[in-house]
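Notes follow once the structure below has been shown.
Numbers here simply count residues along the sequence, with the first being 1.
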Amino acid sequence: MVHYDIPPSLEEYYQEAGRAGRDGLPSYAVMLVSQTDKSLLARRLSDSFPPKDEIVRIYDRVGVWLGVSVDGGFQQVYDFNLARFCAASKFQPSRVRSALGILSLSGYIEYVEDCAFMARVMILLRKDEFYSLDLDSVTDRVFQCLLRSYPGLFSDYVNISEDKIARECGIGVEQVYESFLALSRMHVLHYVPRRLEPYICFSQRRQLPRYISFPLDVYEHRYERARKRMESMRGFAFDDSCCRVQSMLRYFGEKEAGECGRCDYCRSRRRMSSSASPLTPEIVLADIRAVLDAMGCDSVALDLFVDRYRGRREEAVEVIRELVDAGKAEVKAMRISL
């Protein structure tokens, strides 16, 4: 199992790396990382939690873009094309998606990106208020079919099939749709039509920016948990001072976990401890040649090459200086070549 991109958390890495060895045979989990991945992890966190003022600006721009007036839009559903909105508003799509998620958790909107979302209904009236309803015959049939077919309508939104209701009532789907719209206008129920495109539903009337706030559980607490996950992933990938499996198991609560003996740290330490002989220019020169051949390039980052000699970095650097002084190797812009 090879990770070309660094996962955002140890939870995801553990799940994905666990796919290796499912056939019962010896296997390896390899993660390819570079120093730029440190900033990549930080950028992912920033994109997942834009500053609050940016989220408020996105909320306000979405309202304007959808044509929703201040204090309007309550329980209204609007098709929302994220790509077109970002192109028009000059926002980054990943940050807009995260902002809409935070606004949804905060109760201002409901953003649904699933492109095959079923219709949903929730009854707003009490049962004893049904007797005062004055419905035409088609709408009455649709309403009675709804009540017979779907339990739980009085306590929460329930997914419904407009096609099924149309078949049972012997009418067209368009008539079912019109009947639900009529019942919605009468405040008998709240109807969210089936959508084939992402949409935004305003869970409350559109607010002025100064009235937008975010609960601690939605922003600060979630941000802190995500930051800790990011820091753990960064430590796992870049901390060369301990066994990687041991550090991962300790993250998951196994405080007494010992060294695995198989990760790059353990193998490197075992190799170094079994080799009492000092590094020689011939050994390092052969290593440089082998690395360049394996990578198919003319040079390699000096830090990356020296990382091969964990526990003997200073010794390796001194040997490289000898090779440079002897004209057998060259270091330019922190890259080593022959």
Side-chain angles (χ1 to χ4, degrees), residues 3-18 31-66 68 73 80 82-83 85-87 89-114 198-239 241-242 244 247-255:
H3 277 88
Y4 184 79
D5 294 313
I6 187 169
S9 69
L10 270 175
E11 286 83 355
E12 291 187 36
Y13 174 78
Y14 184 79
Q15 181 182 22
E16 294 164 0
M31 182 163 59
L32 306 177
V33 296
S34 67
Q35 293 300 314
T36 58
D37 286 318
K38 292 182 179 179
S39 58
L40 173 63
L41 287 171
R43 188 165 65 250
R44 283 176 181 167
L45 181 65
S46 174
D47 285 347
S48 297
F49 292 90
K52 291 181 180 180
D53 59 341
E54 183 177 344
I55 299 174
V56 172
R57 287 200 310 275
I58 289 171
Y59 172 82
D60 196 47
R61 292 294 290 275
V62 166
V64 172
W65 197 69
L66 294 175
V68 182
F80 183 74
L82 186 140
F85 170 77
C86 292
S89 305
K90 310 302 182 188
F91 285 113
Q92 295 180 17
S94 59
R95 297 174 78 85
V96 171
R97 188 176 286 108
S98 298
L100 295 177
I102 292 169
L103 287 162
S104 296
L105 291 173
S106 300
Y108 293 105
I109 63 169
E110 181 183 5
Y111 173 55
V112 177
E113 204 168 7
D114 189 344
Y199 69 84
I200 286 177
C201 175
F202 278 75
S203 306
Q204 55 180 278
R205 290 176 173 81
R206 182 187 163 200
Q207 305 292 311
L208 288 169
R210 63 175 177 270
Y211 296 127
I212 301 296
S213 61
F214 305 102
L216 288 174
D217 286 343
V218 170
Y219 194 90
E220 281 83 0
H221 294 172
R222 290 176 65 245
Y223 173 84
E224 188 58 25
R225 289 195 295 270
R227 187 191 64 79
K228 288 180 179 178
R229 288 196 298 270
M230 183 269 290
E231 292 291 351
S232 297
M233 187 70 242
R234 183 156 59 183
F236 173 79
F238 294 100
D239 183 3
S241 64
C242 65
R244 298 194 194 279
S247 75
M248 179 168 60
L249 291 177
R250 287 179 176 176
Y251 171 79
F252 287 116
E254 297 187 27
K255 303 301 182 184

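When the side-chain hydrogen bond (donor to acceptor under 3.5 Å, both in side chains) test is applied to Ser241, the partners found at least two apart in sequence or on another chain are Asp239. By the salt bridge (charged side-chain N to carboxylate O under 4.0 Å, His left out) test, Arg227 pairs with Glu224, sequence neighbours left out. The ring-ring contact (aromatic ring centres under 6.0 Å, His included) search around Phe80 returns Trp65, Phe85, Tyr111, not counting sequence neighbours. For Glu231, the side-chain hydrogen bond (donor to acceptor under 3.5 Å, both in side chains) partners two or more places apart in sequence, or in a different chain, are Arg234. Contacts of Tyr219 classified as side-chain hydrogen bond (donor to acceptor under 3.5 Å, both in side chains), with partners at least two apart in sequence or in another chain: none. Residues satisfying the side-chain contact (heavy atoms from CB on, under 4.5 Å) test with Ala226, not counting sequence neighbours, are Leu45, Phe49, Arg229. Every residue meeting the side-chain contact (heavy atoms from CB on, under 4.5 Å) condition with Leu40, not counting sequence neighbours, appears here in chain and number order: Ile6, Asp37, Arg43, Arg44. Phe252 pairs by the side-chain contact (heavy atoms from CB on, under 4.5 Å) definition with Leu10, Glu11, Tyr14, Met248, not counting sequence neighbours. By the ring-ring contact (aromatic ring centres under 6.0 Å, His included) test, Tyr13 pairs with His3, Phe236, sequence neighbours left out. For Ser34, the side-chain hydrogen bond (donor to acceptor under 3.5 Å, both in side chains) criterion is met by Thr36, not counting sequence neighbours. With sequence neighbours left out, the side-chain contact (heavy atoms from CB on, under 4.5 Å) criterion links Tyr211 to Gln207, Leu208.
Among residues at least two apart or in separate chains, side-chain hydrogen bond (donor to acceptor under 3.5 Å, both in side chains) pairs with a member in residues 48-58 are Lys52-Glu220, Glu54-Arg95.
With Ser98 contributing its side chain and Asp47 its backbone, the two residues share a donor-acceptor pair below 3.5 Å.
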Item to check | Residue pair Arg244, Met31: steps toward the side chain to side chain contact (heavy atoms under 4.5 Å, CB included) verdict | outcome: CA-CA 12 Å; Arg244 298 194 194 279; Met31 182 163 59; over 6 Å; no
